[in-house]
Amino acid sequence: MSTPKAKRCPRCGQVKPAREFYRRHHTLRLSPYCKPCQRAAAREDRSRRRQDPASVALLRATDRSRQRRRRVLRGQGGDAV
């Protein structure tokens with residue numbers, strides 16, 4: 001299976017070359033949305049999630065746990081998670 005030469009983004013409706021789309025992890029498939037639309041959607045989602053206090057607390061807890069794990073893996077101390 002090979003990647004297509006061009007693809008249509010459903011969000012902006014434009015046909016763009018394959019290099020304008022992110023590649024999905026571990027496959028030859030491309031993301032459905034072009035890079036600019038994908039980034040815009042991520043930005044909108046991030047801003048929407050930051051409006052809800054419960055989501056903000058969950059995001060912070062996740063970030064703290066991720067940082068702790070990184071420190072442990074680098075041998076810089078911290079609690080194992």
Which atom pairs, donor and acceptor, lie under 3.5 Å between side-chain atoms of residues 14-21 and protein residues at least two apart or in another chain?
none

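- One distance of note links CD of Q67 with CZ of R69; it measures 10.5 Å at 0.5 Å rounding.
- The side-chain contact (heavy atoms from CB on, under 4.5 Å) test applied to T27 returns R24, R29, not counting sequence neighbours.
- Applying the salt bridge (Lys or Arg N to Asp or Glu O under 4.0 Å) test to every pair with at least one member in residues 50-61, sequence neighbours left out, gives no pairs at all.
- Judged as a side-chain hydrogen bond (donor to acceptor under 3.5 Å, both in side chains), and not counting sequence neighbours, the contacts of R48 are D45.
- The residue from S31, P32, C9 that alone fulfils the side-chain contact (heavy atoms from CB on, under 4.5 Å) condition with C37 is C9.
- Applying the salt bridge (Lys or Arg N to Asp or Glu O under 4.0 Å) definition to pairs two or more places apart or across chains, those involving residues 6-15 are R11-E44.
- Checked against salt bridge (Lys or Arg N to Asp or Glu O under 4.0 Å), R66 has the following partners two or more places apart in sequence or in another chain: D63.
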